[in-house]
Asker: 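Have a look at this one before I ask anything.
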Amino acid sequence: MNKKTGLGRGLDALIDTSHVDTGNASSINEVDISRIVANPNQPRRTFEEEALEELAASIREHGVISPITLRKNDDDTYMIIAGERRFRASKLAGLTTIPAYIRTAKDEQVMEWSLVENIQRENLDAIEIALAYQRLMDEYHLTQEKLSERVGKKRATVANYLRLLKLPAEIQMGIKDKQIEMGHARAILANKSAEAQLALYKRILAKGLSVRQVEALAGKELPPEKAKTNKVEPFQTEAEHLSRTLGTQCTISANAKGKGKVVISFASEDELQKILKHLH
C-alpha cells in the first residue's frame, strides 16, 4: 500500500491534530485579533483586495466557518500558521476575535504548513511556490529530494518550480502577473541564454503563442529584434538572492552605461515594514 505524505494527504498530515476533538467547541479558542501577527515567512505575497472584500462580506453574514491555526509567541502574541486570508478578511469585517486552533511548532514546521495551506486553499502563483521551496532549502539545508518528501511532491515537480528562478526577472514577473503560464516558462527554459529567453518571452506576448507553439520554437535561434532591452543577465543571481532574503519578488536592471534600479515588490504596509526591518 502506498503511503502518502505532505500535500497528498493535506494539511492535517503535517499538523498533529490527534489531541484535538474537532467536534468539541472547547478545542477551538476565540483569540483577540489585536494579538495576532502575520507570519513573516508567509509564502503568499499578494492578497487580491476584491477577493478579500468578498470573503469579508461572507464572514459578516456567516462568521468564520473554518478556524485559523496559530502558534503562541513568547510575548503573548500569536503568529499565523494557516489562515492569513481569513484573518485579513475578518479584520475587514470588523471582528474583534477569531476562532483558532493553537499549535506548538518550530519555525521550520510553520513555514512548511504555511506553504501547504496556501497551495491547497489559494493557488499560489508558480514564482511564490518556487521562492518558498528555495527558502525552505536554504534555511533548513534540504536537498531537492528531501524537500519533495516534506511537501509531498515528486522531485521532478519541485525541480521544475525551482528552475523558474533561473529565468530573467522580467519573465518571472510575467508569470506572477499571469501574462504567461508555467508551461510557457518551462519551454522558455530550453533557451540557455537570458537574451534568447527574453526574445522568446516577448514573442509570446506579441503573438499570443500557445504553450505548444512555444515548445516548437524553444531552443531555436530566433531572428534578432533590435528593441532596446535592459541588461538582465549580469544581475540575475543578485536579484534571486535578494528575493530569497526578503521573501518577495525583487528585480535589478541597468542600461548599457551601468545606471539602473532595484525594485522590491510588496503587497501591504505590513509587508513593507517587514522588508524595511530586513534592510536596517
Side-chain angles (χ1 to χ4, degrees), residues 1-17 39 41-45 69 81-82 105-169 171-176 178 180-194 196-197 200-201 211-212 214-216 218-219 233 236-250:
M1 181 172 65
N2 293 331
K3 181 180 180 182
K4 293 183 180 180
T5 58
L7 294 179
R9 290 187 292 157
L11 188 59
D12 287 344
L14 293 178
I15 300 180
D16 179 12
T17 58
N39 176 3
N41 293 324
Q42 155 72 263
R44 177 165 287 283
R45 312 316 303 178
T69 305
I81 294 177
K106 298 177 181 178
D107 288 343
E108 181 178 359
Q109 291 174 306
V110 170
M111 190 169 181
E112 284 183 52
W113 296 345
S114 296
L115 174 61
V116 172
E117 198 265 350
N118 275 280
I119 291 174
Q120 290 185 336
R121 289 181 178 272
E122 302 176 38
N123 298 320
L124 291 178
D125 69 57
I127 297 301
E128 287 174 324
I129 294 174
L131 286 170
Y133 283 165
Q134 187 65 61
R135 189 161 185 172
L136 279 168
M137 290 177 63
D138 290 346
E139 293 192 8
Y140 304 108
H141 311 292
L142 301 176
T143 63
Q144 286 189 17
E145 184 174 4
K146 186 62 67 175
L147 175 63
S148 68
E149 293 173 1
R150 296 286 281 271
V151 299
K153 288 287 189 180
K154 293 180 180 179
R155 182 178 176 180
T157 300
V158 170
N160 283 334
Y161 278 108
L162 292 171
R163 289 175 67 219
L164 299 180
L165 299 180
K166 299 182 182 298
L167 289 166
I171 301 178
Q172 292 187 38
M173 290 302 296
I175 298 169
K176 286 182 64 66
K178 297 180 174 57
I180 61 171
E181 301 174 6
M182 187 171 175
H184 289 112
R186 289 178 60 184
I188 289 172
L189 281 162
N191 291 348
K192 301 306 179 185
S193 73
Q197 290 169 351
L200 183 51
Y201 170 67
V211 172
R212 182 166 295 183
V214 178
E215 288 172 345
E233 190 172 9
Q236 187 63 27
T237 300
E238 291 82 354
E240 291 171 0
H241 176 73
L242 188 59
S243 294
R244 291 195 295 270
T245 300
L246 299 180
T248 190
Q249 185 65 38
C250 303

Asker: What's the spacing between Ile127 CD1 and Gln172 CD if we round to 0.5 Å?
Answerer: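 Rounded to the nearest 0.5 Å, the CD1-CD separation comes to 4.5 Å.
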
Asker: Considering all heavy atoms of both residues, which atom of Ala187 and which atom of Val214 are nearest to each other, and what is their separation?
Answerer: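 Scanning both residues completely, I find the closest heavy atoms to be CB-CG1, 3.6 Å.
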
Asker: CD of Glu128 to CG of Leu164: how many Å apart, nearest 0.5 Å?
Answerer: 12.5 Å

Asker: Mind checking the CD-CZ spacing from Glu215 to Arg186? Nearest 0.5 Å is all I need.
Answerer: 8.5 Å

Asker: Just wondering, do Arg150 and Leu136 contact through their side chains at under 4.5 Å, heavy atoms?
Answerer: no

Asker: If you define the side chain from C-beta out and look only at heavy atoms, does anything of Asn160 sit under 4.5 Å from Leu189?
Answerer: no

Asker: List the residues meeting side-chain contact (heavy atoms from CB on, under 4.5 Å) with Glu145, not counting sequence neighbours, and say none if there are none.
Answerer: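 By the side-chain contact (heavy atoms from CB on, under 4.5 Å) rule, Glu145 matches Thr143, Glu149, Arg155.
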
Asker: For Lys192 and Gln197, work out which heavy atoms get closest and say how close.
Answerer: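 For Lys192 and Gln197, the tightest heavy-atom pair comes out as O-NE2, 4.1 Å.
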
Asker: Does Leu167 reach the side chain of Ile175, with side-chain heavy atoms less than 4.5 Å apart?
Answerer: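 Yes - at least one pair of side-chain heavy atoms lies under 4.5 Å apart.
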
Asker: If the condition is side-chain contact (heavy atoms from CB on, under 4.5 Å), which residues does Ala130 pass it with, not counting sequence neighbours?
Answerer: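 Result, side-chain contact (heavy atoms from CB on, under 4.5 Å) vs Ala130: Tyr161, Leu165.
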
Asker: Distance from Arg163 atom CZ to Met182 atom CE, nearest 0.5 Å?
Answerer: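 Spacing of CZ (Arg163) from CE (Met182) equals 9.0 Å.
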
Asker: Distance check, rounded to the nearest 0.5 Å: His184 atom NE2 versus Arg212 atom CZ?
Answerer: 12.0 Å

